[in-house]
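Working notes for the structure below.
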There are 2 protein chains.
Amino acid sequence: MAKSKKFVYAFEEGNRSMKEILGGKGANLAEMKNLGINVPPGFTITTEVCDQYYKDKKTLNTEVKRQIEIKLKDLQKKMGKVLGDANDPLLVSVRSGAAASMPGMMDTILNLGLNDKSVLGLAKKTNNPRFAWDSYRRLIQMFGSVVMEVEHADFEHILEKVKASKGAKFDTDLTAEDLQEIVARYKAQIKKVKGVDFPQDPIKQMYLSINAVFGSWNNYRAIRYREINNIKGLIGTAVNIQAMVFGNLGDTSGTGVCFTRNPSTGEAKFYGEYLMNAQGEDVVAGIRTPLAVSTLQKQNPAIYKELVTICNKVEKHYRDMQDMEFTIQDNKLYILQARNGKRTATSAVRVAVELVKEKILTKEEALLRIDPNQLNQLLHKQFDSVALSKAEVIATGLPASPGAAVGEIVFTAKDAFEKTQKGLDVILVRVETSPEDIDGMHSAKGILTARGGMTSHAAVVARGMGTCCVAGCSEIEINEKAKTLTVKSAGKGVALKEGDYISLDGSTGKVYAGKIGTRDPELSGDFGKLMAWADSIRKIGVRTNADTPTDASVARKFGAEGIGLCRTEHMFFDVNRIKAVREMILAGDLESRKKALAKLLPYQKEDFVELFRTMDGFPVTVRLLDPPLHEFLPKEKKDIEELSREMKVDVKTLMAKIDDLHEFNPMLGHRGCRLAITFPEIYDMQVEAIIEAAIEVSRGPKKLKKIQPEIMIPLVATTKEFSIIKDRIVEIVERKMKEAKVKIAYKVGTMIEVPRAALVADKIVEAGAEFFSFGTNDLTQMGIGLSRDDAGKFLKEYVAQGIFDQDPFEVLDQEGVGELIRIAIKKGRGVKKDLKVGICGEHGGEPKTVEFCHREGFTYVSCSPFRVPIARLAAAQAAIKDKTKK
Amino acid sequence: MAKSKKFVYAFEEGNRSMKEILGGKGANLAEMKNLGINVPPGFTITTEVCDQYYKDKKTLNTEVKRQIEIKLKDLQKKMGKVLGDANDPLLVSVRSGAAASMPGMMDTILNLGLNDKSVLGLAKKTNNPRFAWDSYRRLIQMFGSVVMEVEHADFEHILEKVKASKGAKFDTDLTAEDLQEIVARYKAQIKKVKGVDFPQDPIKQMYLSINAVFGSWNNYRAIRYREINNIKGLIGTAVNIQAMVFGNLGDTSGTGVCFTRNPSTGEAKFYGEYLMNAQGEDVVAGIRTPLAVSTLQKQNPAIYKELVTICNKVEKHYRDMQDMEFTIQDNKLYILQARNGKRTATSAVRVAVELVKEKILTKEEALLRIDPNQLNQLLHKQFDSVALSKAEVIATGLPASPGAAVGEIVFTAKDAFEKTQKGLDVILVRVETSPEDIDGMHSAKGILTARGGMTSHAAVVARGMGTCCVAGCSEIEINEKAKTLTVKSAGKGVALKEGDYISLDGSTGKVYAGKIGTRDPELSGDFGKLMAWADSIRKIGVRTNADTPTDASVARKFGAEGIGLCRTEHMFFDVNRIKAVREMILAGDLESRKKALAKLLPYQKEDFVELFRTMDGFPVTVRLLDPPLHEFLPKEKKDIEELSREMKVDVKTLMAKIDDLHEFNPMLGHRGCRLAITFPEIYDMQVEAIIEAAIEVSRGPKKLKKIQPEIMIPLVATTKEFSIIKDRIVEIVERKMKEAKVKIAYKVGTMIEVPRAALVADKIVEAGAEFFSFGTNDLTQMGIGLSRDDAGKFLKEYVAQGIFDQDPFEVLDQEGVGELIRIAIKKGRGVKKDLKVGICGEHGGEPKTVEFCHREGFTYVSCSPFRVPIARLAAAQAAIKDKTKK
């Protein structure tokens with residue numbers, strides 16, 4: 001460490017651009033200081049010192065100490081007081097502050113500088129012995145637990161005992177003498193437990209506190225917080241040492257928190273709470289009810305005016321809504337903290353739009369202010385927040401599909417369907433869902449599974465339908481036979497049965513016992529405005545993954561410009577059709593297979609007619625049948641027996657067929673276009689249905705002139721697969737069009753979801769592929785060799801160890817899987833410059849992935865209906881960032 | 001079709017380089033003609049005509065006909081006879097002949113030109129009415145069945161009837177009059193069945209025959225033959241029209257087949273058989289016993305001398321052993337066919353080596369002459385060919401691991417093990433094998449499975465052990481409970497039970513009932529010589545995949561220069577160890593897991609000590625644990641109960657654990673280095689065992705100075721996985737070496753078997769990978785998205801439709817999977833120029849893949865012990881071809 005390097009900055013030496021080394025709090029305090037705002041003076045020890053502290057085996061080197069002591073002297077000079085002085089002591093706070101906000105995760109020490117002597121000086125100086133002893137009591141308690149690691153409960157215990165003996169109900173009922181007694185007992189406890197005294201030397205107090213703050217950077221809860229919030233790449237926390245100011249010096253003192261705009265609604269109205277004669281903790285602790293900040297206007301108009309002026313100044317300066325902490329000490333206003341205020345999605349949208357109206361932000365800046373993922377909150381049902389705060393969380397799973405759902409527990413898809421028919425609201429609870437459950441899933445208000453990740457069947461289907469889903473909730477144990485649900489977690493013995501009510505929060509993954517009130521989403525005018533800006537700026541299209549007219553119509557409302565993926569297999573699971581599907585699978589020869597397929601044709605055609613109508617001329621990409629055939633057959637013995645009766649095929653034959661279709665790795669099995677190579681008649685039927693539907697719609701009542709069917713072949717790995725199937729498709733489509741004397745502009749393209757396809761993409765285009773759609777779910781599975789159904793067991797560990805930055809099924813692995821995509825686009829566009837390129841995996845609605853797609857020149861992204869607005873915003877943000885770079 | 005193009009070539013107009021258009025037979029006849037050898041004159045209609053024939057909806061165009069008729073006139077002029085002339089008719093044969101040999105697959109017509117009139121002329125001219133009528137009878141029979149499509153059985157039936165009525169035992173007992181009667185009946189049958197007469201016009205006969213030959217190019221058996229023998233890219237067959245010569249004109253005539261060297265042993269001695277007064281068919285039909293060609297020396301020394309002279313001339317000309325057909329007509333010698341003779345592997349090796357000795361071939365040419373795959377025959381036990389020809393084939397599966405095996409049927413691995421302990425030879429018959437069966441597989445003489453492909457567990461393990469295996473024999477039905485095996489194929493009702501004898505031919509996939517005698521392989525001196533030449537020429541190393549000292553020692557004998565893959569998991573399945581492995585898996589915490597692993601350590605160490613000793617200083621690449629843990633737990637209820645008693649863990653807990661470990665796609669699951677990320681202690685133990693073993697060997701009795709352990713991490717997908725695990729390995733190895741005061745040159749490298757790893761190969765090398773070994777099994781599975789356990793169901797269809805040229809699990813998919821390999825090598829060597837690169841998938845011993853590896857600059861290939869010589873030869877051939885190109 002070079003001697004000349006600066007490790008400690010007085011607030012006035014920094015500014016907001018120095019967040020990396022001063023931390024968020026330090027940089028903001030510095031910025032305000034420089035704006036001329038009355039911030040109690042102090043200095044910041046940089047994050048680099050934290051890093052070095054760990055490298056030096058948790059010690060501070062002499063150069064750092066030298067610089068700290070210089071700054072301390074400066075501070076003492078400014079304040080005209082000396083730390084721990086016996087007559088008029090300077091008191092300071094020691095606070096952590098990293099570059100990313102980690103509220104409450106690290107340690108804080110207040111009132112540092114008090115000791116047995118200076119407490120008396122403070123009492124005398126302030127003429128307020130109770131205040132002095134209470135401050136000392138608080139210091140010993142914080143320092144004792146945080147720095148000296150005495151159990152916090154030990155102190156609480158003493159406090160309670162003394163309160164009881166004095167008949168005091170609140171802390172505030174304690175007198176100076178009572179507090180003095182507590183101080184004595186606290187010190188004795190420390191001595192007893194740790195064998196050493198509470199340090200009387202203020203400098204020693206300070207260094208021990210600094211070390212404790214650095215140490216807290218790697219305490220368990222701080223590490224977990226960074227993990228959970230995916231905070232990476234920080235070198236440590238800074239330490240802020242600041243002169244204390246007191247809001248509890250009497251009626252001319254006070255403390256409060258305020259927002260420049262309403263953080264819930266976004267309304268441009270000063271908003272906040274305060275308490276006179278109080279310290280910050282008191283506001284939070286709820287000992288007294290705080291007053292609305294508007295009251296201050298009457299109580300102390302001068303201070304109020306000053307506060308409002310400062311707030312406006314800071315908001316203008318930061319060009320965003322501010323969350324500020326202030327203290328009034330003897331009628332003097334101090335600002336202790338200012339930061340961009342956290343807000344609800346509703347508020348975020350309104351604030352952004354209004355800041356544009358106020359000409360504070362450009363549209364582009366406003367768009368960049370919104371976290372696309374936050375929009376989720378706006379699009380789904382939400383729980384009433386008051387009811388929610390009182391509800392009992394019984395378990396937590398993955399927030400698989402957002403929304404709020406309340407209903408009776410059912411354990412089978414059949415029960416879900418039947419109870420819904422009777423008008424009941426149900427929550428379908430399953431170990432995991434399978435395609436057979438589709439009707440039940442459609443009926444249920446919410447879905448809860450014990451197994452499976454963010455891209456499990458339940459999660460994918462639920463997101464597609466916009467149904468609330470909590471997946472992979474491993475704490476619950478389901479007994480499908482007994483129809484009970486128990487929560488495994490030690491201690492909590494929750495046991496629920498069929499018919500009991502539960503509530504699911506799909507945005508947090510929380511499961512609650514009982515009913516919680518919900519409210520509908522409101523898509524305000526501001527939201528529409530923001531989306532319109534986004535659309536005018538973004539370069540890539542946004543389509544939706546939709547299998548049904550309902551999905552498609554929701555997606556259209558959310559602004560989808562076409563269907564990027566219509567999975568035809570979901571149509572096969574419908575109660576009316578599954579029988580014909582099974583007949584087809586069980587058919588012994590081509591003739592009977594064709595017969596069964598002929599029964600399906602009218603259904604499929606009807607589906608497509610509706611879809612084309614709903615999409616009103618926008619392109620509709622239909623993926624031909626993808627899953628392995630065994631997915632359409634039952635697995636349970638009971639269901640097999642039922643099927644045997646229904647189909648008049650004996651159980652043994654049926655079992656043999658199911659056994660024959662069994663696969664060790666169905667993900668890599670006989671599915672996708674492989675089915676069409678062995679059973680071409682299946683795709684033939686689907687293609688007929690598509691083109692007949694298109695012809696019908698073109699002639700139908702609306703006489704829709706522009707219909708853009710895009711026929712997509714799944715799981716292509718080789719050029720020849722593509723060309724064999726494409727030839728067949730073209731033959732059917734051309735024949736049908738000729739017969740009907742209608743021309744429809746159709747396209748035939750391919751999924752790129754097998755790594756090999758990406759590697760021979762040029763040849764696939766040469767063979768006639770008119771578009772690519774990257775199936776990033778499978779491309780991730782095969783490219784990384786990860787089964788999404790199984791990886792849940794170790795992926796958390798992988799993210800924790802930094803092997804993946806994020807779950808690659810949620811956020812595209814741009815380095816690895818992304819490389820396959822880059823190769824494919826380069827090769828594909830090398831042959832056909834204007835090749836249409838899209839993405840239709842689960843990643844299509846994930847903001848970072850959308851940015852990647854923008855960068856790599858995609859034509860469009862496609863995502864589930866409820867992610868369409870997110871994708872639109874993310875696409876706009878990508879375009880803005882791109883322009884800024886250039 | 002341009003008029004000027006030449007479609008018909010007289011023999012003297014062609015040469016052997018024109019095989020593509022003249023076919024093999026036509027080109028060879030032309031070549032011989034030009035050598036001045038007495039070949040009956042004739043002409044060839046090119047393969048291009050065949051192609052055009054199909055394009056023109058099975059018609060010959062006028063230009064082709066014009067050219068045919070010109071050549072026919074020339075032929076008539078040369079022979080001084082006219083086709084079908086009533087007094088002295090020219091007779092011709094019409095034969096197929098494609099560029100690749102397809103013996104017996106297409107049609108042939110002999111004696112063409114006979115009709116009701118010319119038969120009388122021929123009788124008169126040859127003064128041999130019986131001969132004339134027999135020739136006519138044969139023409140009508142061939143023409144009738146081949147061209148006119150009358151059932152062949154119809155003719156046989158008439159022939160048998162007349163023979164019976166005349167009391168004739170053999171055809172030769174029939175008189176001219178009898179044959180005349182047969183001719184009449186044949187013609188009547190044709191008229192009756194087809195409603196038309198047998199054509200009397202010889203030109204019409206000729207054209208119909210030409211069309212029939214072209215038509216036979218696409219008959220079912222020809223298509224199947226090309227499929228099976230993987231003959232691709234041919235445009236059609238040529239047609240050869242050649243003047244007939246007759247070996248059955250009396251005692252001065254005869255016919256025979258000869259080889260310039262012995263096709264079984266390779267001995268350089270003229271070899272063959274002939275019959276006087278006979279036609280070619282008679283030699284084949286076995287009506288009379290043919291004489292050894294040496295007899296001809298006494299019978300007709302002049303002809304014999306002429307034949308030997310011609311044969312030697314042709315052999316020298318073609319520089320290879322020849323298989324020739326000859327006919328003596330009235331003391332005049334004609335050569336009808338000459339081609340490189342088919343031979344056994346033993347013969348191939350001897351011939352090649354001796355041709356070098358005789359200075360006819362260079363060593364390089366000799367090496368190119370041997371089909372590497374043929375060497376398989378030399379390395380394994382073989383059936384006695386006489387016994388084999390009489391044995392009953394009951395079913396045919398995939399030739400998964402070559403060799404011949406005879407034994408009693410057993411249905412469980414346990415039975416296999418126990419019966420073997422009693423000294424019995426057993427064949428293990430399973431629906432499919434699993435790693436639990438390893439002991440039984442080791443004990444059995446052969447393995448037969450009903451399911452699974454060439455790379456199924458049974459196949460891979462059996463090849464590794466050099467045990468004969470027939471896999472995926474879907475015709476058999478196994479009832480493991482009843483311990484019976486039945487053959488499904490319609491008609492054949494074979495039912496076998498435990499204890500019955502069967503014989504397996506692992507080189508053909510055939511399964512025989514009963515015992516067939518076997519003989520041991522003999523590795524002759526010629527074989528050694530050839531291998532030495534190969535070694536001196538090849539550029540890339542050849543290592544072996546070996547898990548046990550036995551495997552390693554076999555491989556050393558076959559010339560392996562190290563171990564490229566030692567799969568440590570096979571060591572875990574040993575009866576003595578599996579218990580500790582299961583304890584480890586069931587352990588609830590790190591401590592008990594470590595305890596169980598400590599039990600395994602001495603076993604693993606012992607394994608490595610033996611391996612290092614066996615490999616005697618050659619590098620040994622040890623792959624750390626790869627399979628998912630559930631593979632080590634039982635699946636059947638019975639076995640789970642047994643384990644429950646053994647481990648004192650209740651069944652429910654055990655079931656829950658097994659259930660918990662269950663994976664939907666185990667191929668993409670929690671295995672390989674992923675295990676080491678979650679349970680690092682497993683690899684720690686293995687690394688300790690490796691380095692302790694190396695240290696022990698370096699100090700042991702032999703004091704082996706050079707030990708080259710190469711520690712290989714499986715299933716790496718990301719840089720970070722590699723670096724986390726490598727750091728741990730290095731830490732352990734360095735610590736152990738320091739403790740022991742020993743320095744061993746070890747390396748740490750990675751499998752490249754996940755597509756993503758190939759794409760970030762540069763970064764993995766930057767992270768310290770010292771070698772790459774391509775796991776092409778998994779790279780194929782993930783790259784193409786094909787599960788090798790499941791793909792069997794549709795891969796045949798894929799190969800048949802030309803989607804894959806060959807099964808990509810047998811022959812590397814050079815275009816797709818190969819591209820991943822090229823990318824990885826380019827990126828890897830971009831960082832580290834001398835990066836060691838190997839292959840250890842099943843493809844490592846496949847000649848085309850070896851050639852690919854040579855071309856792409858691999859350091860070595862690694863394959864199962866019994867494929868080592870194949871790989872050595874293939875590597876030499878690749879080097880020679882490469883040099884030739886340059």
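Heavy-atom basis, side chains included; hydrogens, waters and symmetry copies ignored. Residue numbers begin at 1 in each chain, while the letters A, B, ... track the order of the sequences.
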> By number, which residues in residues 817-826 of chain B have some heavy atom less than 4.5 Å away from chain A?
Replying inline: Glu819(B), Leu820(B), Ile823(B)
>> Counting heavy-atom pairs under 4.5 Å with chain A, which one of Arg451(B), Glu797(B), Met667(B), Gln781(B) comes out on top?
In response: Met667(B)
>> Please classify the contact of Leu661(A) with chain B as side chain, backbone, both or neither, using a heavy-atom distance under 4.5 Å.
In response: backbone
> How far apart are the closest heavy atoms of Gly785(A) and Met782(B), and which atoms are they?
Replying inline: CA-SD, 3.7 Å
> Is Asp789(B) reaching over with its side chain to a backbone N or O of Phe664(A), donor-acceptor style, under 3.5 angstrom?
Replying inline: no
> So which heavy atom on His662(B) is nearest to which on Lys793(A), and how close?
Replying inline: O-NZ, 3.0 Å
> Between Asp790(A) and His670(B), does a side-chain contact (heavy atoms from CB on, under 4.5 Å) hold up when you go through it step by step?
Replying inline: CA-CA 7 Å; Asp790(A) 303 309; His670(B) 193 188; over 6 Å; no
> Which atoms form the tightest heavy-atom contact between Gly783(B) and Val754(A), and what is the distance?
Replying inline: O-CG1, 3.3 Å
>> Looking at Lys763(A) and Glu815(B), is any side-chain nitrogen of the basic one under 4.0 Å from a carboxylate oxygen of the acidic one?
In response: yes
> Is the NZ atom of Lys635(A) crowded by more than 12 outside heavy atoms at less than 6.0 Å?
Replying inline: yes
>> Surrounding NZ of Lys796(B) (heavy atoms of other residues, nucleotides or ligands, distance under 6.0 Å), is the total greater than 12?
In response: no
> What's the spacing between Leu779(B) CG and Arg756(A) CZ if we round to 0.5 Å?
Replying inline: 12.0 Å
>> One pair to check against side-chain contact (heavy atoms from CB on, under 4.5 Å): Tyr798(A) and Lys720(B). What are the steps and the verdict?
In response: CA-CA 10 Å; Tyr798(A) 261 60; Lys720(B) 199 89 189 262; over 6 Å; no
> Using a cut-off of under 4.5 Å for heavy-atom pairs, which of Glu663(B), Arg674(B), Gln801(B) has the most such pairs with chain A?
Replying inline: Arg674(B)
> Could you go step by step and tell me if Asn665(A) and Arg788(B) meet the side-chain contact (heavy atoms from CB on, under 4.5 Å) rule?
Replying inline: CA-CA 9 Å; Asn665(A) 296 289; Arg788(B) 72 179 189 190; over 6 Å; no
>> If I take atom CD from residue Glu721(A) and atom CZ from residue Phe804(B), how far apart are they, to the nearest 0.5 angstrom?
In response: 6.0 Å
>> I'd like to verify something: which residue of Asp660(A), Leu668(A), Asp778(A) has the highest number of heavy-atom pairs under 4.5 Å with chain B?
In response: Leu668(A)
>> Heavy-atom pairs under 4.5 Å with chain B: which of Leu715(A), Thr719(A), Ile724(A), Leu786(A) has the most?
In response: Leu786(A)
> Would Ile803(B) and Ile677(A) count as a side-chain contact (heavy atoms from CB on, under 4.5 Å) if you check the C-alpha gap in whole Å, the side-chain angles of each, and the deciding distance to 0.1 Å?
Replying inline: CA-CA 10 Å; Ile803(B) 295 170; Ile677(A) 296 293; 3.6 Å; yes
